[in-house]
Amino acid sequence: QVRLVESGGGSVQTGGSLRLSCVLYGAALTNRYMGWFRQRPGKQREEVASIGSLDLTTYGDSVTDRFTISKDTVKNTLSLQMDNLKPEDTAIYYCAAGPPSPGWIGPSLDQTTYAYWGQGIQVTVSS
């Protein structure tokens, strides 16, 4: 059974940093794209960042230059380093895994194409 388990959320002040982690169980993340998405209060879920099978990355406009997505294929773990956090980054953050690919595949910010989702983890940034 494939499942994703997020950790590392919490509360931080403006300008602070947090690092989210997501472990993928029941499948390998080496042959698929992985992503982070978030849902802010009263908003629809939106893209944050994605990483492809060759470590190419792409980011949502609101987090570029502040967030960094990475993965550890040995630990089967996806990470999101969040720096210079702002109150508008307050949201539930979701880890997601794309379907397996027979070959190289790039990152994707299209959440409709993701096959598996974590339960989400709260990040709160206070001013």
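Below, each value reflects all heavy atoms present in this structure, side chains not excepted, and no hydrogens, waters or symmetry copies.
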[Y] versus [X], side-chain donor and acceptor atoms under 3.5 Å:
X: S108; Y: D110; value: no
X: S62; Y: R38; value: yes
X: R3; Y: Y25; value: no

- Task: Would you mind listing every ring pair (Phe, Tyr, Trp, His ring centres under 6.0 Å) that reaches into residues 30-88, with sequence neighbours excluded?
- Result: Y33-Y114, F37-Y114, F37-W117
[X] side chain vs [Y] backbone, donor-acceptor pair below 3.5 Å:
X: E6; Y: S21; answer: no
X: T77; Y: K75; answer: yes
X: S50; Y: M34; answer: yes
X: K86; Y: V125; answer: no

Non-hydrogen atoms of [X] and [Y] that approach each other most closely:
X: N76; Y: A27; answer: ND2-O, 2.6 Å
X: R66; Y: L85; answer: NH1-CA, 3.9 Å
X: N84; Y: S17; answer: N-OG, 4.3 Å

Could you give the distance from [atom1] ([X]) to [atom2] ([Y]), rounded to the nearest 0.5 Å?
X: S79; Y: L20; atom1: OG; atom2: CG; answer: 8.5 Å
X: I69; Y: L80; atom1: CD1; atom2: CG; answer: 6.5 Å
X: I51; Y: L54; atom1: CD1; atom2: CG; answer: 10.0 Å
X: L29; Y: L78; atom1: CG; atom2: CG; answer: 7.0 Å
X: L4; Y: Y94; atom1: CG; atom2: OH; answer: 13.0 Å

Is the [atom1] atom of [X] crowded by more than 12 outside heavy atoms at less than 6.0 Å?
X: E88; atom1: CD; result: yes
X: Q39; atom1: CD; result: yes
X: Q122; atom1: CD; result: yes

